[in-house]
Amino acid sequence: MSNDLIIGDDGLARPLWASSNEMLRRYYDTEWGMPITDETGLFERLSLECFQSGLSWAIILSKREAFRDAFAQFDPEKVALFSETDFERLIEDPHIVRNRLKIRATIANAQATLALRDEGGLAQLIWSHQPEQTPRPRAMSEIPTQSEESKALAKELKKRGFKFVGPTTMFALMEAVGMVDTHLLGSHRRGTSGIWPR
C-alpha cells in the first residue's frame, strides 16, 4: 500500500489530506469524486474551484455554507442578476473569500452559464471533455495537475466568457465531479463513482 495512504480508526485507507480533520474526511468519504451532472451543482463546484485558486481547499470547504448563502445557493439565474449593490455586499462579507476578481468572475460565470443553455448547457459542455481513461496513481506524486482534456475544457469555457477557469482549476473540477478518478490505488474510495472501474 502507498505510503501516502493513512489507515483510519475505522480501518479505511485515505490519503493524508483527507485524514487531517473530520471535515475533510467527511468530504472525501461522501462527496469528492462522485458524479455531478446538474447545472446548479456544476456551477457551484466551478465557483468554489475558482475561489480555491491559490488557497487551500480546506479554507473553501469550511466556508461553503457561507458561500451558498452569499451566492443565492449558486442558482445561476439569481447570481447572473447580481448588481453593484450585491457586489459591494459580497466584498464586505467576512464569511467568504473577499477577492474582487473572483467575485466578479462568479457573477460573469453565472451569466455565461445561462448563455450556454441554448447550446446544450453547462453540464453537457463540461462532461463532453471526459477523457477515455483515468489516472491510476499509487502515490500523490503520480496525480497530474492538468491534462489535455482540462486544457481543452478551460479553452472552451474561456471562449464562452467564463473566467478563472485555467487548466489546473478545471482538472481539479474534473476530479471533484468524478470525470476522472484520482483516488489512490488502495483507497477505500477508488472506483466508487460508478464511472471508472477500480
Side-chain angles (χ1 to χ4, degrees), residues 14-34 36 38-116 122-123 125-126 140 143-146 150-151 153-158 160-180 182:
R14 301 175 181 85
L16 182 60
W17 71 263
S19 306
S20 55
N21 67 53
E22 182 57 33
M23 176 188 70
L24 288 172
R25 186 164 94 163
R26 189 167 55 250
Y27 174 69
Y28 181 81
D29 284 354
T30 62
E31 291 186 65
W32 191 67
M34 296 306 286
I36 296 172
D38 65 290
E39 181 188 72
T40 301
L42 285 168
F43 176 63
E44 174 178 321
R45 294 314 189 285
L46 186 76
S47 301
L48 293 177
E49 293 293 348
C50 161
F51 275 101
Q52 190 266 332
S53 180
L55 300 172
S56 79
W57 177 245
I59 290 172
I60 302 304
L61 191 58
S62 70
K63 296 175 179 286
R64 181 165 61 172
E65 290 306 319
F67 273 113
R68 286 172 171 166
D69 290 342
F71 284 95
Q73 305 301 310
F74 289 104
D75 180 337
E77 290 191 3
K78 292 178 179 176
V79 178
L81 296 174
F82 276 15
S83 64
E84 275 303 304
T85 302
D86 290 303
F87 174 79
E88 292 300 329
R89 167 181 61 81
L90 292 166
I91 208 69
E92 295 296 327
D93 188 340
H95 302 103
I96 66 169
V97 174
R98 295 180 288 178
N99 180 299
R100 291 177 175 274
L101 292 177
K102 291 177 180 180
I103 292 170
R104 294 270 188 215
T106 302
I107 297 169
N109 290 350
Q111 295 163 351
T113 295
L114 298 190
L116 274 177
L122 181 65
L125 189 152
I126 289 176
M140 295 299 290
I143 299 175
T145 56
Q146 53 182 257
S150 77
K151 291 175 186 175
L153 176 56
K155 184 177 180 181
E156 186 68 25
L157 287 169
K158 285 177 182 175
R160 305 304 181 105
F162 287 80
K163 304 177 188 304
F164 273 91
V165 288
T168 300
T169 300
M170 288 305 93
F171 190 78
L173 175 72
M174 291 165 75
E175 291 178 289
V177 304
M179 287 175 67
V180 294
T182 57

Would you tabulate the side-chain donor-acceptor contacts of residues 41-49 under 3.5 Å, counting partners in other chains and residues two or more places apart, or write 'none'?
unit_1	atom_1	unit_2	atom_2	d
Glu44	OE1	Arg68	NE	3.3
Glu44	OE2	Arg68	NE	3.1
Glu44	OE2	Arg68	NH2	2.9
Arg45	NH2	Glu31	OE1	3.3
Ser47	OG	Phe43	O	2.7

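Of the residues Pro15, Ser20, Ser19, the one that meets the side chain to side chain contact (heavy atoms under 4.5 Å, CB included) test with Trp17 is Pro15. Screening Phe82, Phe87, Phe164 for a side chain to side chain contact (heavy atoms under 4.5 Å, CB included) with Arg104, the sole residue that qualifies is Phe87.
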Open item on the list: Please determine whether side-chain contact (heavy atoms from CB on, under 4.5 Å) holds for the pair Phe162 and Leu116, giving the CA-CA distance in whole Å, both sets of side-chain angles, and the decisive distance to 0.1 Å.
Closed with: CA-CA 11 Å; Phe162 287 80; Leu116 274 177; 3.7 Å; yes
- [ ] Decide side-chain contact (heavy atoms from CB on, under 4.5 Å) for Arg14 and Asp29; before the verdict, give the C-alpha distance in whole Å, the side-chain angles of both, and the deciding distance to 0.1 Å.
- [x] CA-CA 9 Å; Arg14 301 175 181 85; Asp29 284 354; 2.8 Å; yes
- [ ] Begin with the C-alpha distance, continue with both residues' side-chain angles, and end with the deciding distance and a verdict on side-chain contact (heavy atoms from CB on, under 4.5 Å) for Leu24 and Trp32.
- [x] CA-CA 10 Å; Leu24 288 172; Trp32 191 67; over 6 Å; no
TODO: For side-chain contact (heavy atoms from CB on, under 4.5 Å), just list the numbers for Met170 and Leu173, CA-CA rounded to whole Å, side-chain angles, deciding distance to a tenth of an Å, and then say yes or no.
DONE: CA-CA 5 Å; Met170 288 305 93; Leu173 175 72; 4.0 Å; yes
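For residues 45-66, the pairs satisfying ring-ring contact (aromatic ring centres under 6.0 Å, His included) are Tyr27-Trp57, Phe51-Phe67, Phe51-Phe71, with sequence neighbours left out. Listed by first and then second residue, the side-chain hydrogen bond (donor to acceptor under 3.5 Å, both in side chains) pairs involving residues 105-115 amount to none (not counting sequence neighbours). Identified under the salt bridge (charged side-chain N to carboxylate O under 4.0 Å, His left out) test for residues 160-169, with sequence neighbours left out: Glu119-Arg160, Glu156-Arg160.
Side-chain atoms of Glu88 and Thr85, non-hydrogen and from C-beta on, never get closer than 4.5 Å to each other. For the pair Val165 and Cys50, the minimum side-chain heavy-atom distance is 4.5 Å or more.
By the side chain to side chain contact (heavy atoms under 4.5 Å, CB included) test, Thr168 pairs with Thr145, Gln146, sequence neighbours left out. Partners of Gln52 by side-chain hydrogen bond (donor to acceptor under 3.5 Å, both in side chains), not counting sequence neighbours: none found. In this view, Lys151 and Glu148 satisfy the salt bridge (Lys or Arg N to Asp or Glu O under 4.0 Å) rule, not counting sequence neighbours. Take Asp93 and apply the side-chain hydrogen bond (donor to acceptor under 3.5 Å, both in side chains) test, not counting sequence neighbours, and it matches His95. Residues forming a salt bridge (Lys or Arg N to Asp or Glu O under 4.0 Å) with Asp38 (at least two apart in sequence, or on another chain): none. With sequence neighbours excluded, the residues that form a salt bridge (Lys or Arg N to Asp or Glu O under 4.0 Å) with Glu39 are Arg117. For Asp86, the side-chain hydrogen bond (donor to acceptor under 3.5 Å, both in side chains) criterion is met by Ser83, Arg89, not counting sequence neighbours. Residues forming a side-chain hydrogen bond (donor to acceptor under 3.5 Å, both in side chains) with Thr30 (at least two apart in sequence, or on another chain): none.
Residues Leu114 and Glu77 share a closest heavy-atom pair of CD2-CG, 3.7 Å. Taking each heavy atom of Phe171 and Val180 in turn, the nearest pair found is CZ-CG2, 4.1 Å. Heavy-atom minimum distance, Thr182 versus Glu175: OG1-OE2, 2.6 Å. The two residues Ala80 and Ala110 come nearest to each other via the heavy atoms N-CB, 3.6 Å.
Distance CD1/Ile107 to CG/Leu81: 10.5 Å, rounded to 0.5 Å. Ile96 CD1 to Leu90 CG: the interatomic distance, rounded to the nearest 0.5 Å, is 5.0 Å.
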